[in-house]
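Input: a single structure, listed below in structure tokens.
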Amino acid sequence: MPTIIAHEPASRQGKHCLQIKYLDTFTVARRWRRAHNARMVENAGPSRIAPYPIAVIMERVKLANRWATERWDAKGVVRDVMPAGSGERVIVSDENLTQILFPGLTLRLHPDEAEGYIYNITSPQPKLFIMWRMRDDIARPESLSVSYHEGARWMDAEECVGGVALPSDLLPWIAEFAAEHYRPEPKKKVRYASSKDKGVASRRGGET
């Protein structure tokens, strides 16, 4: 099974070393689809928006080295219970560590990412991927995803990405959506060389 690993460059902070192993996703997808069909949900598919808003916890740790004075990481996510329009607030602060809660984020699912969702939630440790950027000297979360593929694309684009534990109560929702929209690519027909092909190759090589 393929594995993706992103290592933290010495000159760039905030990159988690993420390792997610693929499992037998096709069998799992079929099982979810059978369960979905058995429920006979009429005229409606699973929602594309998470059943509740999400707040992200970003953590700043002071460093004592010649390369950097601090390191930011995504620490985790929680259910957002703050009033709409609330701003971020510091929830932990001491001499060496600060944690800031950023409310008001939304997790959305997209049909064309269904395979990436399956690869993620069938891994040993499903992740919620957080893409964040430095603004006003603070790491601010910009986007959320539970697609293995999208998380990998963010890292390939050298974005700051954190992978935190996926809340277990979101798994059934993601699984239902993935089973609803997953479409495996059709198998390509294998074409074997024929004696006619060999003859063409011989003539092209200058043989008579």
Side-chain angles (χ1 to χ4, degrees), residues 6 8 12-18 20 44-63 68-114 116-121 123 125-178 180-181:
E8 179 177 352
R12 185 177 181 88
Q13 63 165 348
K15 293 280 188 178
H16 275 288
C17 180
L18 300 179
I20 300 177
S47 171
R48 297 190 184 191
I49 300 177
Y52 55 80
I54 292 171
V56 174
I57 301 171
M58 298 297 298
E59 181 177 85
R60 179 178 70 103
V61 177
K62 288 187 177 180
L63 303 176
T69 59
E70 62 183 26
R71 181 186 69 246
W72 285 92
D73 287 310
K75 185 66 175 179
V77 296
V78 296
R79 185 189 294 255
D80 182 10
V81 296
M82 298 178 66
S86 298
E88 69 266 18
R89 62 187 179 92
V90 176
I91 56 175
V92 175
S93 181
D94 61 30
E95 184 178 352
N96 297 312
L97 183 145
T98 302
Q99 290 185 351
I100 303 177
L101 181 69
F102 290 87
L105 285 101
T106 302
L107 175 61
R108 288 181 171 85
L109 302 183
H110 304 278
D112 57 355
E113 294 288 344
Y117 301 145
I118 292 175
Y119 284 167
N120 183 21
I121 66 176
S123 69
Q125 296 179 329
K127 301 287 186 181
L128 193 154
F129 300 102
I130 301 163
M131 189 268 283
W132 53 270
R133 291 173 177 157
M134 295 297 298
R135 302 187 187 279
D136 301 323
D137 295 326
I138 297 176
R140 301 179 182 275
E142 299 270 336
S143 299
L144 306 178
S145 180
V146 288
S147 167
Y148 176 89
H149 296 333
E150 188 164 29
R153 289 196 300 271
W154 287 344
M155 286 185 284
D156 289 343
E158 296 189 351
E159 296 285 2
C160 296
V161 181
V164 302
L166 177 69
S168 59
D169 58 345
L170 292 181
L171 282 170
W173 165 64
I174 300 169
E176 184 180 11
F177 187 93
E180 176 75 18
H181 295 284

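Scored by the side chain to side chain contact (heavy atoms under 4.5 Å, CB included) test, Pro51 finds Leu170, Trp173 as partners (sequence neighbours excluded). Arg153 meets the salt bridge (Lys or Arg N to Asp or Glu O under 4.0 Å) test with Glu113; sequence neighbours excluded. Residues satisfying the side chain to side chain donor-acceptor pair (under 3.5 Å) test with Ser143, not counting sequence neighbours, are none.
Trp132 is not listed as a side-chain neighbour of Val56, based on a closest heavy-atom distance of 4.5 Å or more. Contact of the Ile130 side chain with the Val161 side chain is not registered, since no non-hydrogen atoms from C-beta on lie closer than 4.5 Å. Annotation: side chain of Phe177 is in contact with side chain of Pro111 (closest heavy-atom distance under 4.5 Å). For the pair Glu70 and Thr98, the minimum side-chain heavy-atom distance is 4.5 Å or more. Within the 4.5 Å cutoff, no side-chain heavy atoms of Asn120 are placed close to those of Ile174. Within the 4.5 Å cutoff, no side-chain heavy atoms of Val146 are placed close to those of Ile121. Taking 4.5 Å as the limit, every side-chain heavy atom of Leu107 sits out of range of all side-chain heavy atoms of Val77.
Of all non-hydrogen atoms in Gly116 and Ser147, the two that sit nearest each other are CA-OG, 3.7 Å. Across Arg135 and Arg140, no two heavy atoms sit closer than the pair O-NE, 3.3 Å. Scanning all heavy atoms of the two residues, the minimum distance from Leu101 to Ala55 falls at CD1-CB, 3.6 Å. The minimum heavy-atom distance linking Pro141 with Ala139 is given by the pair CD-O, 3.9 Å. The two residues His110 and Tyr117 make their nearest non-hydrogen contact at N-OH, 2.8 Å. Across every non-hydrogen atom of Tyr52 and Pro167, the tightest pair is OH-CB, 3.7 Å.
Side-chain atoms of Asp80 come within 3.5 Å of backbone atoms of Gly104 as a donor-acceptor pair (strictly under, hydrogens ignored). Side-chain atoms of Asp73 do not come within 3.5 Å of backbone N or O of Gly162 as any donor-acceptor pair.
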Step-by-step side-chain contact (heavy atoms from CB on, under 4.5 Å) determination, Arg89 to Met82: CA-CA 11 Å; Arg89 62 187 179 92; Met82 298 178 66; 3.6 Å; yes
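When each of Ile100, Ile57, Val92, Val164 is tested with Lys75 by the rule side-chain contact (heavy atoms from CB on, under 4.5 Å), just one qualifies, namely Ile57. Considering Glu150, Lys127, Arg108 as possible partners of Ser145, the one that fulfils the side chain to side chain donor-acceptor pair (under 3.5 Å) test is Glu150.
Distance check, rounded to the nearest 0.5 Å: CD of Glu88 to CZ of Phe102 gives 5.0 Å. Atoms CE and CD1, from Met58 and Ile91 in turn, are 12.0 Å apart once rounded to the nearest 0.5 Å.
Enclosure of atom CG in Asn96 by more than 12 non-hydrogen atoms of other residues, nucleotides or ligands within 6.0 angstrom is indicated.
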